[in-house]
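All remarks here apply to the structure that follows.
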Amino acid sequence: MAQQSALTPQAEDFPRWYQDVIAKAELADNGPVRGTMVIRPYGYGIWERIQAELDQRIKAAGAKNAYFPLFIPESYLTREAEHVEGFSPELAVVTHAGGSELAEPIVVRPTSETVIGEYMAKWVQSYRDLPLLLNQWANVVRWELRPRLFLRTSEFLWQEGHTAHATRADATAYAQRIHLEVYRDFLLNVLAVPTYVGIKPLSERFAGAINTLTCEGMMRDGKALQMATSHELGQNFAKAFEMYFQSDQGQQELCWTTSWGASTRLVGGLIMAHGDDQGLIVPPRVAPIQVVILAIKESPEVSAAVSQLADELTKAGIRIEIDRGSGSFGRRVVDWEIKGVPLRLEVGPRDLEQGKVVLARRDSSEKQSLALNEVAETAATLLAGMHDEILHGATLRLEANTHSVTSVDEAIEATAGGFAKIAWDALKDGGEAQLRNEAITVRCLQRRDGSLPADETESDLVAIVAKSY
RNA sequence: CGGGCUGUAGCGCAGUUUGGCAGCGCGCUGCGUUCGGGACGCAGAGGUCCCGGGUUCAAAUCCCGGCAGCCCGACCA
């Protein structure tokens with residue numbers, strides 16, 4: 001049989017591979033309106049796992065979920081000058097509704113800073129009301145000229161946190177806490193994606209923020225993807241929405257606010273950070289299906305063994321799916337590999353006669369034969385170990401493809417297939433613009449020891465530069 | 001908004017130069033044989049050839065006018 005690969009190989013055409021894998025793994029489809037996305041059940045299953053893990057961490061950091069409206073008065077947007085300037089090109093605006101033209105156009109939220117600001121101002125009266133820590137799970141709309149499924153769509157799903165604090169120090173600390181304890185932790189411990197954590201230079205900062213924190217991951221083609229961001233908004237939005245509180249000294253003071261978000265883009269990051277020519281590799285903690293049980297040549301014996309194993313695995317807390325499909329064996333294997341299910345359990349009559357089954361790993365392609373009564377324990381052990389191995393592999397790739405350089409020319413060379421680290425001072429004199437001409441941007445700034453700087457004016461910072469999505 | 005390209009079955013495409021039966025691969029449906037690494041046989045279904053106009057005995061094909069999409073140059077999670 002001519003062994004033809006199901007997907008365009010990554011080395012041949014990475015964007016094509018990305019599109020192929022999304023279609024064949026049944027993650028998503030293009031929506032009817034350009035730039036929109038239909039998320040299919042398997043793709044949404046991954047998103048639900050992402051949501052569950054992030055939500056748990058967000059709540060552990062003290063924020064509570066709430067919901068604010070999709071429609072925002074246009075006048076809200078215009079209250080914060082930089083904010084409206086940053087977003088106006090990508091706004092979707094409703095001018096007609098209820099059969100007539102509206103007196104004031106309504107904006108479909110591109111983010112909820114403004115509405116939430118308005119209500120925070122109402123709810124915060126006293127220092128005793130602070131900090132106010134809110135989060136919402138929502139869809140937002142930013143009209144995109146160059147859409148790509150999961151990475152840039154005109155409508156996307158995300159989580160946006162919004163907080164108000166009594167002091168700048170408290171706001172800064174909270175933004176950092178979210179960034180490290182929610183995002184960085186989630187990326188490492190759930191998505192198995194190591195990232196460079198740093199601050200954005202002024203040129204890349206969120207519209208209206210005084211500081212933007214980012215987690216930058218490396219995709220398998222060496223490009224960077226911003227996987228989560230946290231912003232210190234200073235008092236910009238507090239001023240615009242008159243968010244005052246009375247201090248314990250009896251003074252009226254302005255709040256300090258933050259906002260932070262992670263979106264369905266994470267699914268795109270997951271695909272591109274781990275996937276190979278055989279398809280997705282979904283790390284076990286984010287996998288909606290951790291073990292697929294494949295019945296080979298269905299018979300009463302096979303069927304009984306499959307059901308029994310399904311029960312045992314489910315009792316062991318493992319997420320499973322049973323495939324009793326009627327296609328050929330090879331075809332079904334390939335389909336599950338494309339979907340990136342971590343473990344595949346092959347249950348067939350031949351092995352069953354010896355009381356055995358075969359367990360195969362997606363990440364390493366290793367197979368082992370084991371007795372029926374060992375399955376649940378072995379699967380649990382493998383799943384537990386796979387996360388670290390996938391993370392380890394990704395970390396090695398990140399390190400191997402990050403080069404320390406001293407000149408802009410070297411940086412351009414190094415970012416052909418990865419990231420470059422260069423002294424921030426070396427880019428200040430036109431270097432950043434020179435890189436931008438090559439479609440290379442400063443992804444983030446770090447201190448020498450990798451920790452978060454207070455702002456970009458700190459001395460001796462390191463810039464991580466790359467081409468990006 | 002400027003430059004290049006493309007609209008034909010669910011998807012990928014050929015056919016357009018030189019007008020003459022609407023095709024191919026994959027997928028899909030039915031039956032049968034298969035199921036331990038992309039199975040096979042037989043039988044089928046599926047079309048506004050992007051839209052409108054024109055030329056012609058005859059248009060997917062030629063002409064005119066629209067529309068849509070893709071790729072490349074300024075923003076963003």
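A quick note: this is a predicted structure, and the numbers were derived from the prediction, not measured. Atom set for the values below is all heavy atoms of this structure, side chains included, hydrogens, waters and symmetry mates excluded. Throughout, protein chains are lettered first and strands after them, A, B, ... in sequence-line order, and every chain is numbered starting at 1.
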Base B:G36 paired with A:K367 side chain (donor-acceptor, <3.5 Å):
no
Which is true for A:P349 with a 4.0 Å heavy-atom rule: it touches a base, it touches only sugar-phosphate, or it touches nothing?
base
With a non-hydrogen cut-off below 4.0 angstrom, is A:K356 in contact with a base, only sugar-phosphate, or nothing?
nothing
Report the distance from atom CD1 of A:I22 to atom P of B:C11, rounded to the nearest whole Å.
17 Å
For a quick check of understanding: with a heavy-atom distance under 4.0 Å over all strands, which category does A:T153 fall into, base, sugar-phosphate or nothing?
base
Tell which nucleotide pairs with B:C5, taking only Watson-Crick or G-U wobble pairs whose two distances are both under 3.5 angstrom.
B:G69
Could you check how far CH2 of A:W158 sits from P of B:C76, rounded to whole Å?
13 Å
What does B:G41 pair with, Watson-Crick or G-U, if both distances are under 3.5 Å?
B:C31
Distance between the P atoms of B:C11 and B:U55, in whole angstroms?
34 Å
Looking only at the side chain of A:R34 (C-beta and beyond, no hydrogens), which of the listed nucleotides B:C76, B:C70, B:G36 gets closest?
B:C70
Applying the Watson-Crick and G-U wobble criteria at under 3.5 Å, what pairs with B:G46? Answer none if nothing qualifies.
none
From NE2 of A:H231 across to P of B:C76 the rounded distance in Å is 11 Å
Can you find a side chain N or O atom of A:S328 that sits less than 4.0 Å from OP1 or OP2 on B:A39?
yes
Among A:E118, A:H162, A:E160, whose side-chain hydrogen bond (donor to acceptor under 3.5 Å, both in side chains) with A:S112 holds?
A:E160
CD of A:E298 versus C1' of B:C35: gap in Å, rounded?
11 Å
Mind checking what makes ring-ring contact (aromatic ring centres under 6.0 Å, His included) contact with A:W17, not counting sequence neighbours?
A:F14
Quote, to the nearest angstrom, the C1' distance that separates B:U48 from B:G53.
16 Å
Distance check, C1' atoms only: B:G19 and B:C49, in whole angstrom units.
15 Å
Measure the distance from NZ on A:K24 to P on B:G12 and round it to the nearest whole Å.
12 Å
With heavy atoms under 4.0 Å as the rule, sort A:R344 into base, sugar-phosphate or nothing.
base
May I ask you to say what A:F87 touches in the nucleic acid, namely base, sugar-phosphate or nothing, with a heavy-atom cut-off under 4.0 Å?
nothing
Work out how far the C1' atom of B:C28 is from that of B:G46, and round it to whole angstrom.
9 Å
Expressed in angstrom and rounded to an integer, what is the separation of A:N30 atom CG from B:G69 atom P?
12 Å
Quick check on contacts: within residues 216-229 of chain A, what sits under 4.0 Å from RNA chain B by heavy-atom distance?
A:Q226, A:T229
Looking at B:G37 and A:F329: do their rings stack (centroid distance under 5.5 Å, interplanar angle under 30°)?
no
If I pick the C1' atom on B:C5 and the same atom on B:A43, what distance separates them, to the nearest angstrom?
41 Å
Hey, can you tell me if A:Y174 and A:H165 have their rings parallel, tilted or perpendicular (30° and 60° cut-offs)?
tilted
Roughly how many Å apart are B:G15 and B:G20, using the C1' atom of each and rounding to a whole number?
13 Å
I'd like the C1' distance from B:C63 over to B:G25, given in whole Å.
34 Å
Return yes if some donor-acceptor pair links the side-chain N/O of A:R265 with the main-chain N/O of A:L151 below 3.5 Å, else return no.
yes
Separation of the P atoms in B:U6 and B:C50, to the nearest angstrom
14 Å
Looking at A:N65, A:D55, A:N135, which hits side-chain hydrogen bond (donor to acceptor under 3.5 Å, both in side chains) with A:Q159?
A:N135
When you compare the side chains of A:T8 and A:D13, does any donor N or O come within less than 3.5 Å of an acceptor on the partner?
no
Any carboxylate oxygen within less than 4.0 angstrom of a Lys/Arg side-chain nitrogen, looking at A:E53 and A:R49?
yes
Provide the Watson-Crick or G-U wobble partner of B:U16, both distances under 3.5 Å; none if there is no partner.
none
Assuming nearest nucleotide by heavy-atom distance, tell me which of A:V347 and A:A439 is located more 5' along RNA chain B.
A:V347
Answer yes if the side chains of A:S259 and A:E113 hold a donor-acceptor pair under 3.5 Å, and no otherwise.
yes
Thinking salt bridges, do A:E216 and A:K200 make one under a 4.0 Å N-O criterion?
yes
What's A:R146 touching, base or sugar-phosphate or nothing? Going by heavy atoms closer than 4.0 Å.
base
By the 4.0 Å heavy-atom rule, please label A:G261 as base, sugar-phosphate, or nothing.
nothing
Expressed in angstrom and rounded to an integer, what is the separation of A:L91 atom CG from B:A77 atom P?
13 Å
With both distances under 3.5 angstrom, what nucleotide forms a Watson-Crick or G-U wobble pair with B:A58?
none
So, are A:R362 and A:D276 salt-bridged, with charged N and O less than 4.0 Å apart?
yes
Across the strands shown, which category fits A:V358 at heavy-atom distances under 4.0 angstrom: base, sugar-phosphate, nothing?
base
Could you tell me how far apart A:I296 (CD1) and B:C35 (C1') are, to the nearest whole angstrom?
8 Å
B:C76 pairs with, by Watson-Crick or G-U criteria that keep both distances under 3.5 Å
none
In terms of side-chain heavy atoms of A:R331, which of B:C75, B:G36, B:A39 is nearest?
B:A39
When we call it a touch if two heavy atoms are under 4.0 Å apart, what does A:L266 touch: a base, just sugar-phosphate, or nothing?
nothing
Tell me whether A:R109 contacts the main-chain N or O of A:P69 through its side chain, where contact means a donor paired with an acceptor under 3.5 Å.
yes
So which one's nearest nucleotide on RNA chain B is more toward 5', A:R332 or A:D335?
A:R332
